[in-house]
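First comes the structure, then the notes that go with it.
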Amino acid sequence: MTPAERISELRMELDRHNRLYYVENTPEIDDRQYDMLMKELEKLEHEHPELDDPLSPSHRVGSDLSKGFVQVTHARPMLSLGNTYSLEEVNEWVDRCNDSLGNQGGMLSVPIVGEMKFDGTSISLTYENGRLVRAVTRGDGVKGDDVTENVKTIRSIPLVLPAGDWPESFEIRGEIVLPWKAFDRLNEERAFNEEPLFANPRNAAAGTLKMLNSAEVARRGLDAYFYYLLSDELPADNHYENMLKAREWGFKVSDVMTLLHSADEVDDFIKRWDVERRNLPVATDGLVFKVNNLRQQLNLGYTAKSPRWAIAYKFAAERALTRLIRVSFEVGRMGVVTPVANLEPVLLSGTIVKRASLHNADIVKSLDIHEHDMLYVEKGGEIIPKITGVELSEREEGSEPVKFVDECPSCGKPLVREPGEAAWMCPNKYGCRPQIIGRLEHYVGRHMMDIDGVGEENCSLLYDAGLVSDISDFYTLTTPPLENLERIGPRTAQRIVEGVEASKNVPFDRVLYALSIPFVGETVSRKIARAVRSMDTLMAMTREELVAIDDVGPRIADSIIEYLSYQPNVELIERLRSHGVQMSLPEEDLSDHTDLLKGKSIVISGVFSRHSREEYKAMIEKNGGKNSGSISKKTDFVLAGENMGPAKLEKAQKLGVAIINEDEFLKMIEAE
């Protein structure tokens, strides 16, 4: 067999296994066997670059090269659907379709297809001669962004179709989603790194699909479901059979799709899936109903915004009632004591909820929670569960109100509460185990020192083993004692040691953030580092000099002075310096900064095509501007991308705040 023949054989085999695993859920081989086939293909492609194919399964890992998105006009507009939250309105829509198409003895004049409405971001794929040639977002319905390189990383999407009766050219539309498991993993990573959590899988999927780094897109684990086929040469004259064909060709078409023959069947479909959707592996926000016959779809036609032959039924926000087992009190790295409701497990929005933060003593009091109360838990559009009320009729007779603790649940020190603050604090900063471990976890986080191999569990493990008692001890770790610890083998031990060594190159602003100085967050750390340039200068500054730095108010200044006046912290900094940690900002890091946006407060909203949100934030700061998370009278302008949040848009318009697009912004700072 020639290399070309073997490469072709491997590609077809790997594509088949991708389909079996990601679409049909019937894998034939294990991960190791799959990896061996992939390695063989990668080796042959490397040895024979002339045989490379951009749609080879070996390219699904993506690239770390940043590329902007080109806008593409849809061959056929991607209209939105009319929607309703009312069962009655769905029935009225069924009656209208029935009346328009001719009633047949109480049955629907044409069957209707019921489908799940997946909560993600819409996508249009174009195939020619069985090969994926283009993937475009919905955009404004007329044109969208070409995200082909990112879509190629989604393993459930076929890049090359197996032999079949597919049209020479066709378009298939669907929804890019982030499954609950991948979403939870992503938010756990973001929480660990103290990044803002994604509110829901829809936002996470949309943000991921528009990332400029396709390798990161591949890592996040997007999936896709397809729901409409368009072509001049469709295999059938009805929607249902066309989607069954698409499933045969290798596309992921939901098993929920059902052919319905009467209004009663439509009602039963809604009642069934309003309950069973909670067991699905992805987020959903409703159901979609479509007239099945394509000719009758044409007869029903369109309004200006949506087809008359389809309607979306939206589910109400999810709410569950479950019993409180107990309220625990947990200590964070800054000493804040947070009450947490531990609940009898309840299924909500696709995940089992066992815990929900009660935030602080005032909220516990306002909710009037008693021991073993039945509590209402909601997610709604948000993913973080919250307690919204108590079912008083279920309250146990004689139950006592939940009382907030007055001592630290970890070290026993009496709690303190600053005047005007909601939080109770443990004052034992340097002797309270959760605070110490919290600072260790913060230090190794991705936006701080980014030390690979050290997570939440490993920080506790290292502390309890006596290997790390403060952040400087990371630099004394060696592989022999590490690899003997539970859950840490030779490979992880080596990763930790290498990660610690690499952290010595982390710039000074991130080092400053990693120290866990109260109120000194990521943005303030950058501002301070740019202003002072070195730790020595910072340590010598007065309160007045600190307050003069942009975004450093009296509270932050006092916190810095208190931190640096504590001799063990000074000794800690010196130990870090002796290990090679960066304690100053190189001059070249300051050479390209400007004052073009000096004094301007800017809010970023939406999804961008030329740069990521993080890149725009960096540009704003580099040019002297201030990133703000909310719009107020002090906001100078909003940098708006696609799908700007409606609440922010309304507030900006109400306050008369200017809204500019990314091209106008780049011209403003003369950046490309």
Side-chain angles (χ1 to χ4, degrees), residues 190 194-200 203 206-207 334 336 357 359-360 362-363 366 380-384 386 418-423 447 509 513 517-531 546-560 593-608 611-669 671:
R190 295 177 73 85
E194 297 197 345
E195 299 175 284
L197 301 185
F198 283 113
N200 49 54
N203 291 0
M334 293 301 186
V336 175
S357 173
H359 302 292
N360 55 56
D362 294 341
I363 289 178
S366 67
E382 301 298 316
I383 186 59
I384 301 171
K386 56 184 177 182
E418 296 293 329
E421 295 291 335
H447 281 199
D509 60 312
Y513 179 35
I517 302 173
F519 313 120
V520 178
E522 186 175 8
T523 299
V524 171
S525 295
R526 284 198 293 267
K527 294 285 182 71
I528 293 173
R530 194 155 62 240
L546 286 169
V547 171
I549 299 173
D550 188 26
D551 280 354
V552 178
R555 188 184 197 186
I556 295 175
D558 289 341
S559 179
I560 293 171
H593 286 265
T594 78
D595 292 328
L596 291 171
L597 301 176
K598 186 175 182 180
K600 294 191 181 296
S601 177
I602 302 162
V603 173
I604 295 179
S605 182
V607 179
F608 300 92
H611 297 278
S612 69
R613 290 168 65 94
E614 292 304 316
E615 287 170 335
Y616 277 123
K617 286 181 179 180
M619 290 180 198
I620 288 169
E621 292 181 2
K622 188 175 74 172
N623 288 280
K626 174 184 176 182
N627 286 293
S628 177
S630 59
I631 297 172
S632 68
K633 292 180 179 179
K634 295 181 180 180
T635 303
D636 288 279
F637 63 85
V638 177
L639 171 56
E642 185 182 333
N643 297 328
M644 177 182 175
K648 286 185 176 178
L649 176 60
E650 182 181 351
K651 190 168 185 180
Q653 292 172 338
K654 184 178 180 181
L655 296 176
V657 175
I659 299 174
I660 68 170
N661 62 36
E662 55 185 325
D663 290 331
E664 292 170 322
F665 175 77
L666 293 171
K667 187 175 181 181
M668 181 185 296
I669 63 172

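- In the model, His447 has a side-chain atom that pairs as donor or acceptor with a side-chain atom of Glu522 under 3.5 Å.
- Residues Tyr513 and Val524 fail the side-chain proximity criterion, which asks for heavy atoms closer than 4.5 Å.
- Taken from OG1 in Thr635 to CD1 in Ile602, the straight-line distance is 10.0 Å, to the nearest 0.5 Å.
- Residues Ile604 and Lys617 share a closest heavy-atom pair of CD1-CG, 3.6 Å.
- When all heavy atoms of Val336 and Ala423 are compared, the closest pair comes out as CG1-CB, 3.8 Å.
- Closest approach of Gly521 to Ser525, counting heavy atoms only: O-OG, 2.7 Å.
- The nearest pair of heavy atoms linking Asp362 to Ala422 is OD2-CB, 4.1 Å.
- The closest side-chain heavy-atom distance from Val638 to Ile660 is not below 4.5 Å.
- How far CD1 of Ile669 is from CD of Glu664: 13.0 Å, rounded to the nearest 0.5 Å.
- Side-chain contact between Lys527 and Lys626 is present, with heavy atoms from C-beta onward closer than 4.5 Å.
- At least one side-chain heavy atom of Val520 sits under 4.5 Å from a side-chain heavy atom of Ile560.
- Note that the NZ atom of Lys651 and the OG atom of Ser632 stand 7.0 Å from one another [nearest 0.5 Å].
- Side-chain contact between Asp509 and Ile528: absent, with no pair of heavy atoms (C-beta onward) separated by less than 4.5 Å.
- The shortest side-chain heavy-atom distance between Ser559 and Ile517 falls under the 4.5 Å cut-off.
- Rounded to the nearest 0.5 Å, atoms CG (Leu596) and CE (Met619) are 13.0 Å apart.
- Side-chain contact between Met668 and Asn623: absent, with no pair of heavy atoms (C-beta onward) separated by less than 4.5 Å.
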What verdict does the side chain to side chain contact (heavy atoms under 4.5 Å, CB included) test give for Phe665 and Leu597, after you've listed the backbone C-alpha separation in whole Å, the side-chain angles of each residue and the deciding distance to 0.1 Å? CA-CA 11 Å; Phe665 175 77; Leu597 301 176; 3.9 Å; yes

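- Interatomic distance, Phe519 CZ to Asp558 CG, rounded to the nearest 0.5 Å: 9.5 Å.
- In this structure, Val603 and Leu639 have side chains that are not in contact, with every pair of non-hydrogen atoms separated by 4.5 Å or more.
- Across Asp663 and Asn661, no two heavy atoms sit closer than the pair N-OD1, 3.1 Å.
- If you take CD1 on Ile631 and CZ on Phe637, they are separated by 12.0 Å, rounding to the nearest 0.5 Å.
- When all heavy atoms of Ser601 and Lys634 are compared, the closest pair comes out as CB-O, 3.6 Å.
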